[in-house]
Amino acid sequence: MGDSDASSRSKRAAARLCSICNQRQAALKRPKTLQQICKECFYIVFEDEIHKVIMDNNLFRRGERVAVAASGGKDSTVLAYVMSQLNRRHNYGLDLFLLSVDEGITGYRDDSLETVKRNEIEKEGMEEKQMHWKNEALPLVANATAKISTSHLMLEPPEGYGLPLKVVSYKDLYGWTMDEIVKAIGLKNNCTFCGVFRRQALDRGAALMKADKIVTGHNADDIAETVLLNILRGDIARLNAEHFYFVSSILSADNECAGIYSPNAYRGFAREFIKDLERIRPRAILDIIRSGENFRIATSTKLPEQGTCERCGYISSQEFDLINSMIDRIANVELLIAESNLTGQAHSQETIVMENSILAVQGAESMAEKLCKACMLLEGLNRGLPKLGIGRTRGNNDLKKQREHGNSVPKITDSNLQSKQCGSLDF
Amino acid sequence: MASCGSACDQSHCRRPDDSGGAEEDVPERFSASRDSDTSKTAGGGDLARCSKCGEEPKAGTHRVLNGMCASCFRSYLYGKFKLAVSTNAMISPTDKILVAFSGGPGSRVALQFVHEMQKKSLESWDASKSQSFPVFGVGVAFVDESISSVIPSPELDRIFKHIKLIVSSLVPGHKDLHIAPIEDVCSMGSDDGTTRLNKLLNSVSDATGKEDFLDHLCMLSLQKIALDNGYTKLVIGSCSSTIARHVISATVKGQGYSLPADVQYVDARWEVPVVLPLRDCLTDELSLLCQLDGLETLQLSKRPSSSNSINNLVSSFISRLQDDNPARERTIVRTAEKLKPFGFNKFVENKYHEFIPSRLRCKFQNTNNGGSDLAEVFCTFCMSPLSESELHDMHGKSQTLVDTFTAACCQSCSFQILPKESESLQHFLSFLPQSMTRKVADSTLEQSLLR
């Protein structure tokens, strides 16, 4: 017992100096390695590790235009700084720019966009950012990632990184701002839209800005959370390493919103749990990721099908919406029936309706296979309003027809009868 | 109690539809708490019927879970146990079963159910003409971990007496009771096991590591009892709730590769295979059964668990999740079920005696694991199979004895159990139980023979 006491005392004394340079006083204990190191060495080690990840995985090619996803949070701020530093120091020859997405929710993004803008312009005096500067972040390009965990440390403000900022709005990408969508959909289901659109926003934005690659600030904590949540949800298929990093980006898009609009208890618990865990054993976060990578997934486990969306082809890894909700299909059938009502006036009403409803079901199915979720929603959104108009005009037509044909009542579906009623009421 | 509506119960919720319980109200069947059930039973006559058998409950009893009466609930739990036993060939007539009894509801129910199975086989043995088919034997093991907590010796004596009473009340069928202190596994000849064990535990600095190491030693003790007394199977009362906790804590400790080995019904990597017949039951169900049937459990003052332990943190995390959604534990276990089990997670048919008549032979599941059945290499300190990268590290270094020890160790154990400094590491290794050191020596011999 006496021995161990003495040894721990000597250890504590030795710990005061940085374990890398052995000159300066240690300022932090790195969770990843449990080393006591000083600030300067931390910068060097941290940046070198990211450089190594980039080089080992051949993340970039010279001359590429790379979008740095910037939310204004600490992860993306660190990412932008490190990327511009490394680009300069190691001469990657990359054309870097900051890419921010504006959902068009009044008062939601304003602050963070303000932060991003400030980071873009300011070259010095970034005291405020110091507060955000405590997380170790890392670039995550395509499927590659580094495993660096957070360290709770306040560092000196870094130099400004002077990257140009591009803000793309939902309006640019989809033709709708979130506020407009809420206006059209109501307060009930808008989370679906926001979540789905957000997942693709960076991809679409980057394509709009002619970027070759996107770097995001996803880090070990995010991936660890994803692993845990997937276990809690019974979603082992997604733990497959290939899909791992992709799904993590989807989830974090969800997460951002989850706290505000749709509180999901277990997600909150999981976050808290990871925080507690990190306090007890910092390396647990890296352990969770290791577990996730080493899971023995049976080959028979079904994975969500992947492919290329026919409309927005550049998102190749986007998960396809095969489990299309019945509501979507019914809506499409209705739409086509409604259209057939418009066009098919000259023909016999019944046969046209029959033919078209078969076509509509087929169409809905083929659409579900070919379009990604965002395009699907966008389709509904864009046709949602016209549908109202069609409904009304159809009502007119039907009324006219009824007047023309006298007693001939067209055999159409219940939903058509209902919308006819609405139409006639409007009329 | 509020585990109604959990995934595993729902099949039973639906059952009344086709068994004449159609007059029941839908909200009644899904009502979560027992209290609301009883209040409703007071109101309407028909509603008082058991949702499974349709019988009116006797006076003074009320429905227990999902509107089932006590006896239906019993047979529902026993059914789960029996299904697990028969589909996984856990108990065959020639076996000698050792039930690990900790005093908790899980192992108590396991003991009770094994006893009932034995009782039934004894009855049929008595009734049969030839009496040639053997009946499996049952023994009970209790590992005394009092070294790690402070239990005064009169208290300990009282506990032992209590256990003896429980075991002797299980008649017919004689059951041997083996009580062994955990330090026995560490003792070397005349050497005192207690001091050796204390020295071992003191050199493990991590709180979680200490707990896990103690768990492993407990398992070693059980294995020792089973081996010394000729038992062929070891029954552990782990239930869904404990397994769900293990799934999460193993993930957190980075044991993702070896995780599927621990969550199966059968775990034959030990010399005496371990079986988990209560794997599909929830802790709440088990303690409810103990309460209903008056099965006595022991209120053991558990190990002084540190608040810094990951196992504790995980446990409270899962409890919160379970309160939020009663199906969460089952979901976690089902997720882990999707991971590919190892070759040792099933019994191999040809191990069994052919002279048993076919109707008594165990039915083996033809689970095709697909993967190659290569012999796994196990970690010395937790018996978890080593992953490829860990094996790769292992081949690099095996010069000295210390090297072989540290090499045959999973990353998780090398972090949380092995001391960091080489001096204390040697100290630690010198006190290891013989069964562990022997295993390492054997495996190194095997390795050298293979090459």
Side-chain angles (χ1 to χ4, degrees), chain A residues 1 3-5 7-8 10-11 34 147 224-241 244 263-303, chain B residues 7 202-203 205-208 244 247-248 250-261 306-310 312-314 316-318 320-321 323-325 327-328 330-342 369-371 385 387-390 411-412 415-416 419 421 423-424 427:
Chain A
M1 285 305 278
D3 297 10
S4 67
D5 265 357
S7 69
S8 67
S10 62
K11 208 168 77 188
L34 295 176
K147 284 132 207 163
E225 191 179 313
T226 310
V227 174
L228 271 188
L229 286 180
N230 282 341
I231 295 176
L232 298 185
R233 279 192 313 212
D235 211 353
I236 207 83
R238 294 199 186 215
L239 288 176
N240 189 302
F244 211 64
N264 204 342
Y266 76 97
R267 188 164 279 168
F269 291 159
R271 284 212 157 167
E272 233 172 88
F273 173 65
I274 289 183
K275 290 253 166 63
D276 289 343
L277 208 58
E278 203 186 0
R279 215 186 47 241
I280 296 180
R281 185 188 285 186
R283 82 176 231 148
I285 287 171
L286 298 175
D287 278 342
I288 294 175
I289 297 173
R290 190 156 56 85
S291 285
E293 286 173 341
N294 289 340
F295 276 144
R296 294 159 51 99
I297 311 236
T299 39
S300 60
T301 316
K302 276 193 184 133
L303 287 164
Chain B
N202 282 335
S203 40
S205 54
D206 189 272
T208 319
V247 170
I248 299 295
T251 308
V252 165
K253 291 169 200 160
Q255 297 165 333
Y257 178 78
S258 60
L259 172 62
S306 134
S307 59
N308 269 347
S309 141
I310 285 184
N312 265 348
L313 187 66
V314 168
S316 58
F317 173 55
I318 302 280
R320 273 177 85 185
L321 290 173
D323 289 346
D324 177 52
N325 178 353
R328 192 65 77 195
R330 281 295 307 154
T331 313
I332 294 171
V333 176
R334 272 207 314 275
T335 316
E337 266 170 33
K338 289 182 203 157
L339 296 173
K340 208 165 89 189
F342 290 86
N369 282 341
S387 70
E388 298 233 335
S389 65
E390 284 163 339
Q411 284 186 39
S412 166
F415 169 76
Q416 65 172 16
E421 283 101 30
E423 204 174 298
S424 52
H427 191 69

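Every heavy atom of this structure was used, including side-chain atoms; hydrogens, water molecules and symmetry mates were not. Here is how names work: the chains are called A, B, and so on, in the same order as the sequence lines, proteins then strands, and each is numbered from 1. All of these numbers come straight from a predicted model, not from anything done at the bench.
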Asker: To the nearest 0.5 Å, what is the distance between CG (N294(A)) and CD (E388(B))?
Answerer: 9.5 Å
Asker: Looking only at heavy atoms and a cut-off of under 4.5 Å, which of V314(B), I310(B), T208(B), T251(B) has the most pairs with chain A?
Answerer: T251(B)
Asker: Heavy-atom distance under 4.5 Å between the side chains of F317(B) and F269(A), does that happen here?
Answerer: yes
Asker: Pick from L259(B), V247(B), D206(B): which one has the most heavy-atom pairs with chain A under 4.5 Å?
Answerer: D206(B)
Asker: Flag this pair as yes if the NZ/CZ of R320(B) is under 6.0 angstrom from the six-membered ring centre of F273(A) and inside a 45 degree cone about the axis; otherwise no.
Answerer: no
Asker: Can you tell me how far apart CD1 (I248(B)) and CD1 (I231(A)) are? Round to the nearest 0.5 Å.
Answerer: 5.0 Å
Asker: Does any heavy atom of chain B fall under 4.5 Å from the side chain of I280(A), the backbone, both, or neither of them?
Answerer: side chain
Asker: Looking at N308(B), L313(B), I332(B), which one has more heavy-atom pairs under 4.5 Å with chain A than the rest?
Answerer: L313(B)
Asker: Does any heavy atom of chain A fall under 4.5 Å from the side chain of A244(B), the backbone, both, or neither of them?
Answerer: neither
Asker: With no hydrogens and no angle check, just 3.5 Å: does a side-chain donor-acceptor pair link Q416(B) and R281(A)?
Answerer: yes
Asker: Rounded to the nearest 0.5 Å, what separates atom OG in S412(B) from atom CZ in R283(A)?
Answerer: 7.0 Å
Asker: Between K340(B) and F295(A), is any pair of side-chain heavy atoms under 4.5 Å apart?
Answerer: no
Asker: Heavy atoms only: give me the nearest G256(B)-S291(A) pair and the separation to one decimal.
Answerer: N-OG, 3.0 Å
Asker: Decide side-chain hydrogen bond (donor to acceptor under 3.5 Å, both in side chains) for Q411(B) and R290(A); before the verdict, give the C-alpha distance in whole Å, the side-chain angles of both, and the deciding distance to 0.1 Å.
Answerer: CA-CA 10 Å; Q411(B) 284 186 39; R290(A) 190 156 56 85; 3.2 Å; yes
Asker: Where is the tightest heavy-atom contact between N230(A) and T335(B), given as atom of each residue plus distance?
Answerer: O-CG2, 4.1 Å
Asker: Go through the steps to decide whether Y257(B) and E293(A) satisfy the test side chain to side chain contact (heavy atoms under 4.5 Å, CB included), and finish with yes or no.
Answerer: CA-CA 8 Å; Y257(B) 178 78; E293(A) 286 173 341; over 6 Å; no
